[in-house]
Amino acid sequence: MTTDEARIQSRIRTHVKFTEHARLAIRDDNLTTLGVLEAIRNFEIIEEYPDARPFPACLLLCWEKGKEPLHVVCGLPEHANMLIIVTVYIPSKKKWPDYRRQRR
């Protein structure tokens, strides 16, 4: 497990905050925050954005049992022990053939 994976796992257990943008995306895709919380317990980091502002972020590939995979962009603020869910979406099979790499 990488350092970032360990940090994410720890923050999932302590404090997760959803941005308004994430809440709207969840609603628009007919998902639930509870389902997203369950899905992010089973994740793989597929992209990292260390220079993102206002804090480093990453793209997670997540699975909720019996559901389609989800992409979750989350922020890892250095000043607080929390995971900020920036956005959530169901990846398009056309754009993400294996859900891990974008078709170019």
Side-chain angles (χ1 to χ4, degrees):
M1 180 179 291
T2 69
T3 302
D4 280 343
E5 288 170 333
R7 286 174 55 208
I8 291 167
Q9 286 288 358
S10 170
R11 292 172 184 207
I12 288 169
R13 290 189 293 274
T14 56
H15 188 86
V16 177
K17 178 182 177 183
F18 289 85
T19 64
E20 185 64 21
H21 178 79
R23 289 182 185 282
L24 292 171
I26 288 167
R27 184 197 65 200
D28 290 347
D29 280 345
N30 294 314
L31 303 169
T32 65
T33 54
L34 188 58
V36 172
L37 287 171
E38 184 178 316
I40 63 174
R41 295 183 187 285
N42 184 20
F43 71 89
E44 176 183 334
I45 298 173
I46 58 173
E47 291 183 7
E48 295 187 62
Y49 314 117
D51 298 324
R53 295 288 171 242
F55 33 74
C58 56
L59 174 62
L60 307 179
L61 172 59
C62 305
W63 296 271
E64 183 182 0
K65 189 175 180 176
K67 305 277 180 142
E68 289 291 317
L70 296 176
H71 279 177
V72 176
V73 177
C74 61
L76 297 159
E78 295 177 12
H79 67 283
N81 189 26
M82 71 171 56
L83 183 71
I84 299 175
I85 306 299
V86 177
T87 195
V88 176
Y89 61 93
I90 299 169
S92 156
K93 193 74 167 147
K94 223 176 198 178
K95 187 173 181 179
W96 297 87
D98 68 354
Y99 300 115
R100 290 173 179 80
R101 285 179 291 281
Q102 282 190 63
R103 184 170 303 214
R104 305 244 180 231

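Atoms considered below: every heavy atom in the structure, side chains included; atoms not considered: hydrogens, waters and symmetry mates. Bear in mind that the values here come from a model prediction, so they are computed numbers and not experimental data.
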> Could you state the interatomic distance from CD (Glu38) to CD1 (Ile12), rounded to the nearest 0.5 Å?
Replying inline: 12.0 Å
> Can you hop from Phe55 to Met82 via hydrophobic side chains spaced under 4.5 Å?
Replying inline: yes
> CG/Leu31 to NZ/Lys67 distance, rounded to the nearest 0.5 angstrom?
Replying inline: 8.0 Å
> Knowing that exactly one of Asn42, Val88, Ile8 qualifies, which makes a side-chain contact (heavy atoms from CB on, under 4.5 Å) with Leu60?
Replying inline: Ile8
> Heavy-atom distance under 4.5 Å between the side chains of Val72 and Phe43, does that happen here?
Replying inline: no
> Only one of Thr32, Ile40, Leu34 forms a side-chain contact (heavy atoms from CB on, under 4.5 Å) with Val36, so which one is it?
Replying inline: Ile40
>> Please tell me whether Ile90 and Leu24 are part of a single hydrophobic cluster in this structure, the criterion being side-chain heavy atoms less than 4.5 Å apart.
In response: no
> How long is the span from the CD atom in Glu5 to the CD atom in Glu44, to the nearest 0.5 Å?
Replying inline: 8.0 Å
> With side chains defined as the heavy atoms from C-beta onward, is the minimum distance between Pro69 and Arg100 less than 4.5 Å?
Replying inline: no
>> How long is the straight-line distance from CZ of Arg11 back to NZ of Lys17, given to the nearest 0.5 Å?
In response: 13.5 Å
> Going by the angle between their ring planes, with limits at 30° and 60°, are His71 and Tyr89 parallel, tilted or perpendicular?
Replying inline: perpendicular
>> Strictly distance-based, threshold 3.5 Å: is any side-chain N or O of Thr87 a donor or acceptor partner for the main-chain N or O of Val73?
In response: no
>> Once rounded to the nearest 0.5 Å, what's the spacing between atom CZ of Arg27 and atom OG1 of Thr33?
In response: 13.0 Å
>> Rounded to the nearest 0.5 Å, what separates atom CZ in Arg13 from atom CG in Leu83?
In response: 12.0 Å
>> Minimum heavy-atom separation for Cys62 and Ala39, please, with both atom names.
In response: CB-O, 3.4 Å
> Would Ile46 and Trp96 satisfy side-chain contact (heavy atoms from CB on, under 4.5 Å), going step by step from the backbone distance to the final call?
Replying inline: CA-CA 11 Å; Ile46 58 173; Trp96 297 87; 4.1 Å; yes
>> Is the shortest side-chain heavy-atom distance between Leu59 and Ile45 below 4.5 Å?
In response: no
>> Minimum heavy-atom separation for Leu76 and Cys58, please, with both atom names.
In response: CD1-SG, 4.4 Å
> Quick one: are Glu48 and Pro56 in side-chain contact, heavy atoms under 4.5 Å?
Replying inline: no
